[in-house]
Amino acid sequence: MKKYLSIILALVMCLSLFAGCAGNETPAGNDTPTQGSEPAPSTNDKPLAGTYDIKVWVAENIVELTKSQITKFNETNDQGIVINATVEPVGEGDAATAMTNDVEAGADLFGFAQDQAARLITAGALQQLGAGASEWVKANNDADAIVAASAGDAVYAYPMTSDNGYFMYYDKSVISEEDIGSLEALIAACEEAGRNFSFEVENGWYIPSFFFATGCVSEWQMDEEGKKFVSVNDNFNSEAGIVAATALQKLVTSTSFVNSSQTADFSAAVPSAIVVSGTWNYANAKSQLGENFGVAILPSFEVEGKTYQLSGFKGCKLIGVKPQTDALKAAALNQLAQYLTGYDCQMERLTNENVGWGPSNLQAQQTEEFKNAPHLIAMYAQKAFARPQGQIHGSWWDISAKIAKSIKEGTDIETALATYQAEMEALFTMSDEVLKAWTVIGAIGGTNWDTDLPMTKQEDGTWKSDEAYEIAEGVEFKVRQGKSWDNNFGMNDDGTAANNGANVTLAKLGVAAGNYFIVFDEATGLISVVAA
């Protein structure tokens with residue numbers, strides 16, 4: 001077997017050199033390829049010529065666009081490559097879970113969010129790029145995207161965007177140009193106008209904007225195998241954290257505060273004058289506000305005479321190639337990945353009114369189309385103050401989200417931060433029994449996605465909630481393992497199980513509102529209810 005793999009890797013390297021001479025670099029292979037199809041037919045002058053059947057996963061809103069781009073690749077590549085692709089809608093946040101659960105059954109080419117790179121590499125789901133392709137990535141993309149695509153000195157993916165983060169949409173009829181740079185001035189303007197300020201700080205993705213602003217860090221370390229978190233360097237519970245929480249308190253105790261990131265808030269019963277959100281809500285925000293549409297980076301805040309610029313997370317969307325045992329197919333896949341992440345395709349996604357994604361490609365960032373997109377200008381300006389989102393323990397999102405909620409409810413800042421630290425430290429002393437146990441989480445039993453409701457394993461191998469809960473129509477919930485979002489189950493609209501899928505409702509289960517025990521079948525991933 002080792003000899004067989006060595007031959008494959010050598011062939012991929014040779015193909016990489018060939019493609020480099022042709023002006024279109026192809027990555028080298030991977031040390032641990034997965035099972036693939038037989039090599040496609042080839043000719044001496046065009047060794048990649050042939051038809052390749054592949055599976056592609058991309059976000060739902062670019063499925064049709066990706067199909068047309070693959071068709072164009074087939075028509076324009078000069079190597080005789082014909083891609084017969086099945087393109088399926090699997091979001092960047094879901095692809096990594098699906099790939100790591102079953103690499104062999106996963107997509108050959110897939111989009112994913114940068115914070116999922118480490119677990120994909122550990123699972124053997126990403127082919128490391130060869131020297132030529134690595135240089136192509138570094139030459140054509142911005143610095144943030146290159147870091148996102150790399151692990152150490154090795155490059156593992158092709159950047160597709162560089163726009164994952166958040167900034168501020170605002171109503172120009174309420175918010176003046178003089179006020180947009182000051183959190184305190186913005187709060188005052190909203191209160192005076194009787195309008196809301198939407199900022200989803202009861203959410204682990206948004207709340208770091210305050211703490212990173214004052215120099216706090218939360219950096220997670222995993223074991224050598226990349227399967228378990230072993231420590232965290234976090235100083236939210238510090239003097240710098242107190243400064244951040246003091247500013248946070250100003251916001252969440254304001255009569256204008258709404259914990260939301262939805263641009264539909266601009267048309268709510270009490271409309272918001274400000275919504276902190278991202279590029280995905282650009283079209284809706286512009287439609288809601290019309291001629292009063294405004295966009296800017298996040299404001300600064302002031303504590304004890306010192307000013308701090310709100311920060312936050314930033315990230316990228318990437319395309320990964322699954323390792324192959326067929327060296328020709330691997331090379332063809334990398335040719336397609338380069339095409340889909342090149343200038344032309346990034347520009348198509350940028351200018352498509354249903355997509356509008358911000359490019360990582362340096363040339364695309366110099367175009368008039370980019371420079372005339374105000375939401376992208378704000379996002380890329382905000383990136384200067386933001387930090388890359390790395391691997392984070394799945395329970396941290398809930399733990400950090402409690403800071404703002406507890407402060408809003410009147411808990412003093414020191415207690416809120418001490419509780420946060422204690423709950424984080426407890427993650428490293430959690431017993432194997434708790435780590436393996438399943439719990440219910442959602443808006444049931446008097447909770448609001450902030451409490452794990454216990455389940456007990458039954459004799460038939462299923463898990464059943466310890467209590468029955470009165471569940472109303474439309475109420476949503478899920479089941480997760482180890483009090484973490486790393487492994488959680490929901491349900492598709494057709495009632496099928498979905499790891500990291502959509503929330504469960506009684507309508508999906510086909511039952512009316514009532515008092516129910518919740519049951520989870522660990523073997524199939526199916527969730528059901530039993531009347532009390």
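We use all heavy atoms of the structure for the numbers below, so side chains are in, but hydrogens, waters and symmetry mates are not.
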- Message: Under the salt bridge (Lys or Arg N to Asp or Glu O under 4.0 Å) definition, can you give me all pairs with a residue in residues 56-67, not counting sequence neighbours?
- Response: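 The answer is E64-K67.
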
- Item | Pair listing, salt bridge (Lys or Arg N to Asp or Glu O under 4.0 Å) test, anchored in residues 146-162, at least two apart |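 Non-adjacent pairs meeting salt bridge (Lys or Arg N to Asp or Glu O under 4.0 Å): zero.
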
Without swapping roles, check the side chain of [X] against the backbone of [Y] for a donor-acceptor pair under 3.5 Å.
X	Y	answer
K55	A105	yes
N259	V201	yes
E88	W57	no
D521	T462	no
N488	S484	no
Q116	A95	no
N77	G80	yes
S287	A283	no
K317	E92	no
E476	G442	no

- Message: Assess the residue pair Q114 and N164 against the criterion (side chain to side chain contact (heavy atoms under 4.5 Å, CB included)); give the C-alpha distance rounded to whole Å, side-chain angles, the decisive distance to 0.1 Å, and a yes or no.
- Response: CA-CA 9 Å; Q114 76 167 71; N164 197 20; over 6 Å; no

- Tell me, please, which residues at least two apart from Q389 pass side-chain hydrogen bond (donor to acceptor under 3.5 Å, both in side chains).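 Residues passing side-chain hydrogen bond (donor to acceptor under 3.5 Å, both in side chains) with Q389: D115, W205.
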
- Item | Donor on one side chain, acceptor on other, N141 and S360, under 3.5 Å |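 Result is yes, a qualifying pair exists.
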
Say you draw a straight line from [atom1] of [X] to [atom2] of [Y]; how long is it, rounded to the nearest 0.5 Å?
X	Y	atom1	atom2	answer
L435	K483	CG	NZ	10.0 Å
L336	I54	CG	CD1	5.0 Å
I399	I207	CD1	CD1	12.5 Å
D53	T86	CG	OG1	7.5 Å
I83	T71	CD1	OG1	11.0 Å
L427	S395	CG	OG	5.0 Å

What pair of heavy atoms forms the shortest contact from [X] to [Y], and how long is it?
X	Y	result
L376	P359	CD1-CD, 4.4 Å
K322	Q127	O-OE1, 4.1 Å
P374	V295	CB-CG1, 3.4 Å
N503	K508	O-NZ, 2.8 Å
N361	Q346	N-OE1, 3.1 Å
V155	K138	CG2-CE, 3.9 Å

Are [X] and [Y] packed together at the side-chain level, in the sense that at least one heavy-atom pair is separated by less than 4.5 angstrom?
X	Y	result
S261	Y166	no
L109	L340	yes
M168	L310	no
F211	S400	no
M455	V479	yes
P159	I146	no
M99	L126	no
K286	H375	no

Taking only residues two or more places apart in sequence or in another chain, which ones pass salt bridge (Lys or Arg N to Asp or Glu O under 4.0 Å) with [X]?
X	value
R349	none
K383	D142, D144
E423	K402
E219	none

Could you label the plane-to-plane angle of the [X] and [Y] rings as parallel, tilted or perpendicular, counting under 30° as parallel and over 60° as perpendicular?
X	Y	answer
F236	W396	perpendicular
F210	F199	tilted
F229	H393	tilted

- Message: Suppose we screen for side-chain contact (heavy atoms from CB on, under 4.5 Å). Which residues come up paired with T496, at least two apart in sequence or across chains?
- Response: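 N492, D494.
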
- Kindly write out the residues that satisfy side-chain contact (heavy atoms from CB on, under 4.5 Å) with S231, not counting sequence neighbours, or none if the list is empty.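 Applying side-chain contact (heavy atoms from CB on, under 4.5 Å) to S231 gives Q221.
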
[X] and [Y] aromatic centres sub-6.0 Å:
X	Y	answer
Y380	F167	no
Y169	F266	no
F212	F385	no

- Task: Let me see the working for N334 and Y158 under side chain to side chain contact (heavy atoms under 4.5 Å, CB included), right down to the final yes or no.
- Result: CA-CA 9 Å; N334 280 280; Y158 296 92; 2.8 Å; yes

- Hey, is D108 close enough to K329 for a salt bridge, meaning N to O under 4.0 Å?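 Yes, charged N to carboxylate O under 4.0 Å.
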
Not counting sequence neighbours, list each pair that qualifies as a ring pair (Phe, Tyr, Trp, His ring centres under 6.0 Å) and has a residue in [range].
range	result
residues 96-120	F110-F112
residues 477-506	W438-F489, F489-F520
residues 314-357	F73-Y339

- Query: side chain to side chain contact (heavy atoms under 4.5 Å, CB included) between I377 and F370: does it pass, once the steps are laid out?
  - Reply: CA-CA 8 Å; I377 297 302; F370 175 85; 4.0 Å; yes

- Query: Between Q382 and Q309, is a side chain to side chain contact (heavy atoms under 4.5 Å, CB included) present by the stated rule, with each step listed?
  - Reply: CA-CA 10 Å; Q382 182 65 40; Q309 170 63 47; 4.2 Å; yes

- Within 6.0 Å of NZ in K371, more than 12 heavy atoms from elsewhere: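 Atom NZ in K371 is crowded, with more than 12 foreign heavy atoms closer than 6.0 Å.
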
